Amino acid sequence: MLKNKRENIAYLIIWSIVIALPVYTLQGGREFSQVRVYMEWIRLIPFLLIFVINNSILVPQLLHKKRTLYYLILVTLLVTCVTLASPLLKFLQNVVFDSFEQVQRTAPRRALARSSEYKMATNILISFLVIGFNNAIKLLIQREEEEKLREQKDKIHLQTELSFLRNQISPHFFMNTLNNIHALISFDTGQAQKSVIQLSTLMRHLLNDSQTGTSTIKEEFEFIKSYINLMRIRFYDNVKITLHLDVEQNNRTIPSLLFTSLVENAFKYGIDDTKESFVTVTANIKNDELFFEISNSKAEVQHEEETTGLGLINLEKQLALLYGDHYNLDIIETEKTYCVNLKIPLNND
């Protein structure tokens, strides 16, 4: 409906300009008269007729239905018939001319006769130009509507896929956290209770803030700190956990849960209770970009099926969907350490 309304408004404006042109182009000339204006309007009748038939019948019934050959044949027949009927317009012009005898004296008949001479080739050319402009406007508006529809579909697809990826992360995250609390209950009930409270705080973030798809940098890193505090409970003094977060007071928004999988993986694959281990998290903002780095020691080599999780794969999918090529993800792996550097652009809200 909106497409048809825009299209009709465009045609109304164009034809209004075309109809008004004889008045403004002839006005002030030595041979200007109402008769000349009327006769110019009469000359427009075949082209207007071609436009109406092409716009309302031929294009919807043939061209839009991919019946191109039939369309071209009927368009050619239409232009030919209208061109051959041009003598009828001469008769109509004579009727109009004779009804203004007084104006006729001021405008020599031979001049009007010359202006009423129709050249077949010119009429055919103008007819096809009218059809061409008509189809071009239709195509342009159709392309704009298709582009808007494609953008809407892409947006819906993006939201759906991001929601799917987040839903993959959340159960995995909760499973690990609940396992930690379960392990804690057996030897420190009080601390386990505190951990449950911290977990409820994390759940509130997941259920409220993250469901909108975005959260402030401050909220997101408070979430990460709470998660890491839960993880601290599980490990002994031989595990060193270090945080350098120079972003906690920033209220600009970022996609929620973007760093969770990286933090999970660092603890899951980087900590060995029997050896000295570490996890270091660093975050800062510079030149409207957020830099996030997490490094960890490497535990004993695990089976391939155990070390191939969904976290990093999902993160890369999210980054591609959210930022296209405007992000940077580097992974530096050595025999004993694993480091991930992530840089994302920030909005200016």
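Treat the numbers as computed from the prediction; the structure is a model and nothing was measured. What you see below is based on every heavy atom in this structure, not just the backbone, and it leaves out hydrogens, waters and symmetry mates. Counting from 1, the numbers follow the sequence of the chain as shown.
- Ring planes of F292 and F221: tilted class, angle from 30 to 60°.
- You'll find the side chain of I344 reaches within 4.5 Å of the side chain of L258, heavy atoms only.
- With contacts defined as side-chain heavy-atom distances shorter than 4.5 Å, the pair E220/V247 does not qualify.
- Clustering ILVMFWY residues whenever any of their side-chain heavy atoms sit less than 4.5 angstrom apart, transitively, puts I332 in a cluster other than the one holding V263.
- Residues L129 and W15 do not share a hydrophobic cluster, clusters being chains of Ile/Leu/Val/Met/Phe/Trp/Tyr side chains in contact below 4.5 Å.
- Formation of a donor-acceptor pair under 3.5 Å by the S215 side chain with backbone atoms of S256 is not found in this model.
- Annotation: cation-pi geometry satisfied between R67 and Y70 (NZ/CZ under 6.0 angstrom from ring centroid, within 45° of ring axis).
- At a cut-off of 3.5 Å, with distance as the only test, no side-chain donor of N265 or N296 sits close to an acceptor on the other residue.
- Within the model, atoms CG of L262 and SG of C339 stand 10.5 Å from one another, a figure rounded to the nearest 0.5 Å.
- In this structure Y11 satisfies the ring pair (Phe, Tyr, Trp, His ring centres under 6.0 Å) test together with F51, sequence neighbours excluded.
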### Stepwise side chain to side chain contact (heavy atoms under 4.5 Å, CB included) check, L346 with I217
CA-CA 10 Å; L346 296 176; I217 295 175; 4.0 Å; yes
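- Formation of a donor-acceptor pair under 3.5 Å by the Q61 side chain with backbone atoms of L58 is not found in this model.
- Closest approach of N284 and L290 over heavy atoms only: O-CD1, 3.5 Å.
- Residue-environment remark: CG (D330) exceeds the threshold of 12 foreign heavy atoms within 6.0 Å.
- Scored by the salt bridge (charged side-chain N to carboxylate O under 4.0 Å, His left out) test, E276 finds no partners at all (sequence neighbours excluded).
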### Audit row: F278, T242, side chain to side chain contact (heavy atoms under 4.5 Å, CB included) steps and yes/no
CA-CA 8 Å; F278 74 91; T242 308; over 6 Å; no
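- The shortest side-chain heavy-atom distance between I224 and E222 does not fall under the 4.5 Å cut-off.
- How far CD1 of I9 is from CD1 of I14: 12.0 Å, rounded to the nearest 0.5 Å.
- In terms of heavy-atom proximity, E264 sits nearest to Y227 at CG-OH, 3.4 Å.
- Residues L140 and I137 form no side-chain contact, since every pair of their non-hydrogen atoms from C-beta on lies 4.5 Å or further apart.
- Taking the side chain as every heavy atom from C-beta outward, Y71 and N135 approach each other to under 4.5 Å.
- With no hydrogens or angles considered, no side-chain donor-acceptor pair links N328 and Y323 at under 3.5 Å.
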### Task
Carefully, step by step, assess L342 and F259 under the rule side chain to side chain contact (heavy atoms under 4.5 Å, CB included).
CA-CA 9 Å; L342 175 60; F259 310 107; 3.6 Å; yes
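- At least one side-chain heavy atom of F47 sits less than 4.5 Å from a side-chain heavy atom of S127.
- The shortest heavy-atom contact between F291 and K343 is CE2-CD, 3.2 Å.
- The shortest distance between side-chain heavy atoms of L245 and K225 falls below 4.5 Å.
- Residues I131 and I50 meet the side-chain proximity criterion, which asks for heavy atoms closer than 4.5 Å.
- We find that D272 and K298 are not joined by a salt bridge, their nearest charged nitrogen and carboxylate oxygen being 4.0 Å or further apart.
- Judged by distance alone, the side chain of N250 and the main-chain N or O of R252 form a donor-acceptor pair under 3.5 Å.
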### Derivation of the side chain to side chain contact (heavy atoms under 4.5 Å, CB included) call for S200 and V196
CA-CA 6 Å; S200 68; V196 170; 5.7 Å; no
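- The shortest non-hydrogen separation linking N251 to T216 is O-CG2, 3.6 Å.
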